[in-house]
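Please read the structure below before turning to the comments.
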Number of protein chains: 2
Amino acid sequence: MTARKPPVNSYHHGSLAPALIAAAEQELSQAGIESFSLRAVAKRAGVSHGAPAHHFDGKNGLLTALAAEGYRRLIDAQNERQKKAQPDPLSQLIASGSGYLDFAMQNQELFRLMLASSLPDRDNEHFSAVSMAAFDKLAVEIRNVLGTDPYTDRVAMTQVMASWSMVHGLAELIISGRTKMPMDFTQMPAAQRDAIFEDILLRALKTN
Amino acid sequence: MTARKPPVNSYHHGSLAPALIAAAEQELSQAGIESFSLRAVAKRAGVSHGAPAHHFDGKNGLLTALAAEGYRRLIDAQNERQKKAQPDPLSQLIASGSGYLDFAMQNQELFRLMLASSLPDRDNEHFSAVSMAAFDKLAVEIRNVLGTDPYTDRVAMTQVMASWSMVHGLAELIISGRTKMPMDFTQMPAAQRDAIFEDILLRALKTN
DNA sequence: CCTTATTTCTAGACACTGTCAAGTTCCAGA
DNA sequence: TCTGGAACTTGACAGTGTCTAGAAATAAGG
């Protein structure tokens, strides 16, 4: 239960696991998912090529842990936006979506790993817990807007799916560079971008 | 300019390129993008492991050609839906979206290759031509609904982005199995599914 | 303090991958 | 018939993830 001792020699690192996660994130953002290499991560962390497998049970295990960490930071990014927004339910929902887009644009490869890749093990305990927490967050926000609980009301759950689809689709199109030609959001003043995002995200709501 | 002769011997296949594309699609749908293997494609087509590289200039080349073929069939799937729909612009737009979802659900790995992977070379001539054709199709449908051209009118282009985001996000969430818990579209009567899809897709439209 | 167990990490081997260069087989035009 | 070039094979290469055996360090028990 006590904290790990600091590294005292060159053989035993002391706390390799978090160091490997950090190295993996650097490697992921620079090399991309498709050419992500376990051995490159090991080299980056200064350990032998077999070390990561011992801590994370293989490549998929490391990517699963990294993706779980990503979900925590996705929720952080959403909370960050919501703190600056008006407290009414609708503003909070829009802010949540804006945070989703912030995270996607600032962590493109990590976002793709979390949501568009089949490499992470979705049955993993930590991963499914934190990804369900992200989903729950949206469900609560929708409930606050509509006044009905998505988990019991089918109309509200359809609203959840619509909102999620909209924000997720927009994120995917942006980070894959597919919006560059029609309207390049990444080269746009933040205020203008936010306004368009809000316009688009609001459409997912069926309030009548 | 004459058609290729049929294969007359075992050395020269005669028309290996399309055979490799077909083999690649089988391999893709069964193994998935992440573990797609050029050599497995070669084995499937009954040729040596170096043959595919000669025709498609490497793995990326083959996947690029396959993704381009996928776009053609995506457009086919959309047209198929539209033929059965009412001729008014709004019904045609919805049908186009439904065809998009049909294709995604029936060709999950191919869809992911086309739209969520960075493996295909998006600067490739054929690929960019056919993917822009798919985009143009949506732009025309939006123009028919709104009466203004997205390429000159910013509001209309925002409408294009919203519609695309919505249908694309929904497709991604479905094929990655992320809608299974809240509402499992794949285990649903087609009519009910279509109705929900229409409900969701219509939200992207801002008609007031 | 010494011995023993256990965890952490290394090192080597294995099968597999994509790519490249060189060689073989076949076709087509002169 | 000859010759150039296209189609395809073959072998080699560096790189990958995973597995196993072993070395190095810490922790536990006497």
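Here is the naming used below: chain letters follow the sequence lines, and residue numbers restart at 1 for every chain. Here the structure is a predicted model, which means the values were calculated and not measured.
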* To do: May I have all residue pairs that pass salt bridge (charged side-chain N to carboxylate O under 4.0 Å, His left out) and include part of residues 39-50 of chain A, sequence neighbours excluded?
  => E27(A)-R44(A)

* Determine whether H54(A) and L16(A) make a side-chain contact, defined as any pair of heavy atoms from C-beta on separated by less than 4.5 Å. => no

* Does a sphere of radius 6.0 Å around NE2 in H126(A) hold more than 12 heavy atoms from other residues, nucleotides or ligands, not counting ones at 6.0 Å or beyond? -> no

* Got a sec, which pairs hit salt bridge (charged side-chain N to carboxylate O under 4.0 Å, His left out) with one end in residues 149-161 of chain A, sequence neighbours left out? -> none

* Asked: In whole angstrom, what separates F56(B)'s CZ from dT19(C)'s C1'?
  -> 17 Å

* To do: For K43(B) and dC16(C), give me the distance from atom NZ to atom P, rounded to whole Å.
  => 8 Å

Atom pairs under 3.5 Å: protein N/O with N/O of nucleotides 17-19 of chain D:
unit_1	atom_1	unit_2	atom_2	d
dG17(D)	OP1	L38(A)	N	2.5
dG17(D)	OP2	L38(A)	N	3.2
dG17(D)	OP2	R39(A)	N	3.1
dG17(D)	N7	R39(A)	NH1	2.4
dG17(D)	O6	R39(A)	NH1	3.1
dT18(D)	OP2	K59(A)	N	2.8
dT18(D)	O4	R39(A)	NH1	3.4

* Check step by step if side-chain contact (heavy atoms from CB on, under 4.5 Å) holds for M114(B) and E109(B). => CA-CA 9 Å; M114(B) 292 158 52; E109(B) 293 297 327; over 6 Å; no

* Asked: Quick one, which residues of residues 19-34 of chain B touch DNA chain D with a heavy atom under 4.0 Å?
  -> none

* To do: Report yes if some heavy atom in the side chain of Q192(A) is under 4.5 Å from a heavy atom in the side chain of P189(A); otherwise report no.
  => yes

* Mind checking what makes ring pair (Phe, Tyr, Trp, His ring centres under 6.0 Å) contact with F36(A), not counting sequence neighbours? -> none

* Test side chain to side chain donor-acceptor pair (under 3.5 Å) applied to R203(A) and Q159(B), step by step -> CA-CA 10 Å; R203(A) 297 165 187 239; Q159(B) 182 60 70; 2.6 Å; yes

* **M161(A) side chain near I196(B) side chain, heavy-atom distance below 4.5 Å** => no

* **Integer-rounded Å distance: dG23(C) C1' and H54(B) NE2** => 13 Å

* To do: Compare side-chain N and O positions of H55(A) against OP1 and OP2 of dT7(C) and report whether any pair is under 4.0 Å apart.
  => no

* To do: Compare every heavy atom of S163(B) with every heavy atom of L138(B), then report the nearest pair and how far apart it is.
  => CD1-CB, 4.5 Å

* **Close approaches to DNA chain D from residues 114-127 of chain A, in residue order (heavy atom, under 4.0 Å)** => none

